[in-house]
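Structure, as structure tokens:
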Amino acid sequence: MRKKVLTATPIVKCLAVGALEDNERYLFLIRKDVNGIERIELPCVLVVSGRSEFAEIKSAFLEQTGIDAQIHEVIAQSTHNSGSRKRKTLVPVLIFKVTAKERFAKPTKTFSGFKWLSLEQAKKEKLSKNCEWILRG
């Protein structure tokens, strides 16, 4: 008889977000949902316990945007629901300042493009779940 091995589900520590700014506009990635609706989001990654927020956003930013950027300090914080709409699990959002010489993104295939938007313009667009925290701030 085989024994069951219990595996631990990693606990989400935070949502790390990279905010690349250019003339008060930020780089947003465009992702199409299952219904074909385009939704925008900032480059971000869910960080699990035991991992560094800084290291995770650095690698995720490069992977998602194709821009080799420098990650700086946390410039703002908010909260994010990493659970479902019925079972909320609020985790902190850490928004990191990002600088880069290059301003043209080459998003991965999971994204359909990118836009430069101010925060006010972004609030009027359709947001992905990872970017809904913008409406609270």
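Atoms considered below: every heavy atom in the structure, side chains included; atoms not considered: hydrogens, waters and symmetry mates. Residues take their numbers from the sequence shown, with the count starting at 1.
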Other residues, nucleotides, ligands: >12 heavy atoms within 6.0 Å of [X] [atom1]:
| X | atom1 | value |
| --- | --- | --- |
| Lys129 | NZ | yes |
| Leu119 | CG | yes |
| Arg87 | CZ | no |

Listed pairs under 3.5 Å, donor-acceptor, residues 67-77 side chains, sequence neighbours left out:
| from | atom 1 | to | atom 2 | distance (Å) |
| --- | --- | --- | --- | --- |
| His72 | NE2 | Thr99 | OG1 | 2.7 |

If you measure from [atom1] on [X] to [atom2] on [Y], what distance do you get to the nearest 0.5 Å?
| X | Y | atom1 | atom2 | value |
| --- | --- | --- | --- | --- |
| Ile57 | Leu42 | CD1 | CG | 9.0 Å |
| Cys44 | Leu94 | SG | CG | 12.0 Å |
| Ser118 | Lys124 | OG | NZ | 7.5 Å |
| Ser112 | Ile30 | OG | CD1 | 5.0 Å |
| Leu46 | Cys14 | CG | SG | 8.5 Å |
| Leu135 | Lys123 | CG | NZ | 7.5 Å |

Taking only residues two or more places apart in sequence, or in another chain, which ones meet Lys106 in a side-chain hydrogen bond (donor to acceptor under 3.5 Å, both in side chains)?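 Residues passing side-chain hydrogen bond (donor to acceptor under 3.5 Å, both in side chains) with Lys106: Glu102.
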Minimum heavy-atom distance [X]-[Y], with the two atoms named:
| X | Y | answer |
| --- | --- | --- |
| Ala16 | Val47 | CB-CG2, 3.9 Å |
| Arg25 | Trp116 | NH1-CB, 3.4 Å |
| Gly18 | Val98 | CA-CG2, 3.7 Å |

Is Val91 linked to Ile95 within one hydrophobic cluster, defined over Ile, Leu, Val, Met, Phe, Trp and Tyr using a side-chain heavy-atom separation of less than 4.5 Å?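 Yes, one cluster joins them.
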Let me check something: do Trp133 and Leu127 share a hydrophobic cluster, defined by ILVMFWY side-chain heavy atoms less than 4.5 Å apart, either directly or through other members?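 Trp133 and Leu127: one cluster.
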Donor-acceptor list for residues 33-41 side chains, cut-off 3.5 Å, not counting sequence neighbours:
| from | atom 1 | to | atom 2 | distance (Å) |
| --- | --- | --- | --- | --- |
| Asp33 | OD1 | Asn35 | N | 3.1 |
| Asp33 | OD1 | Gly36 | N | 3.1 |
| Asp33 | OD1 | Ile37 | N | 2.8 |
| Asp33 | OD2 | Arg39 | NE | 3.1 |
| Glu41 | OE1 | Arg31 | NE | 3.2 |
| Glu41 | OE1 | Ser128 | OG | 3.1 |
| Glu41 | OE2 | Arg31 | NH2 | 3.3 |

Take Glu53 and Lys13 through the side-chain contact (heavy atoms from CB on, under 4.5 Å) test and state the conclusion after the steps. CA-CA 9 Å; Glu53 302 91 354; Lys13 182 164 77 171; 3.1 Å; yes
Electrostatic pair Lys115-Glu125, nearest N-O below 4.0 angstrom: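 Glu125 and Lys115: salt-bridged.
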May I ask you to test the Leu20-Arg103 pair for a side-chain heavy-atom distance under 4.5 Å?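 Leu20 reaches Arg103 side chain to side chain.
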With a 4.5 Å limit on heavy-atom distance, are the side chains of Val17 and Val93 in contact?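 The answer is yes, as the side chains (C-beta and beyond) meet within the 4.5 Å cut-off.
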I'd like to know if the side chain of Asn81 reaches the main chain of Leu90, judged simply by a donor and an acceptor atom lying under 3.5 Å from each other, with no hydrogens or angles considered.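 The answer is no, because no donor-acceptor pair under 3.5 Å joins these two groups.
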Criterion ring-ring contact (aromatic ring centres under 6.0 Å, His included) against Phe114, the qualifying member of Phe28, Tyr26, Phe104: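 With Phe114 as partner, Phe28, Tyr26, Phe104 yield a single ring-ring contact (aromatic ring centres under 6.0 Å, His included), made by Phe104.
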Given Thr65 and Phe111, is the side-chain contact (heavy atoms from CB on, under 4.5 Å) satisfied, shown in steps? CA-CA 9 Å; Thr65 65; Phe111 300 101; over 6 Å; no
Where do Phe61 and Val45 land on the side-chain contact (heavy atoms from CB on, under 4.5 Å) test, with the steps shown first? CA-CA 9 Å; Phe61 193 89; Val45 63; over 6 Å; no
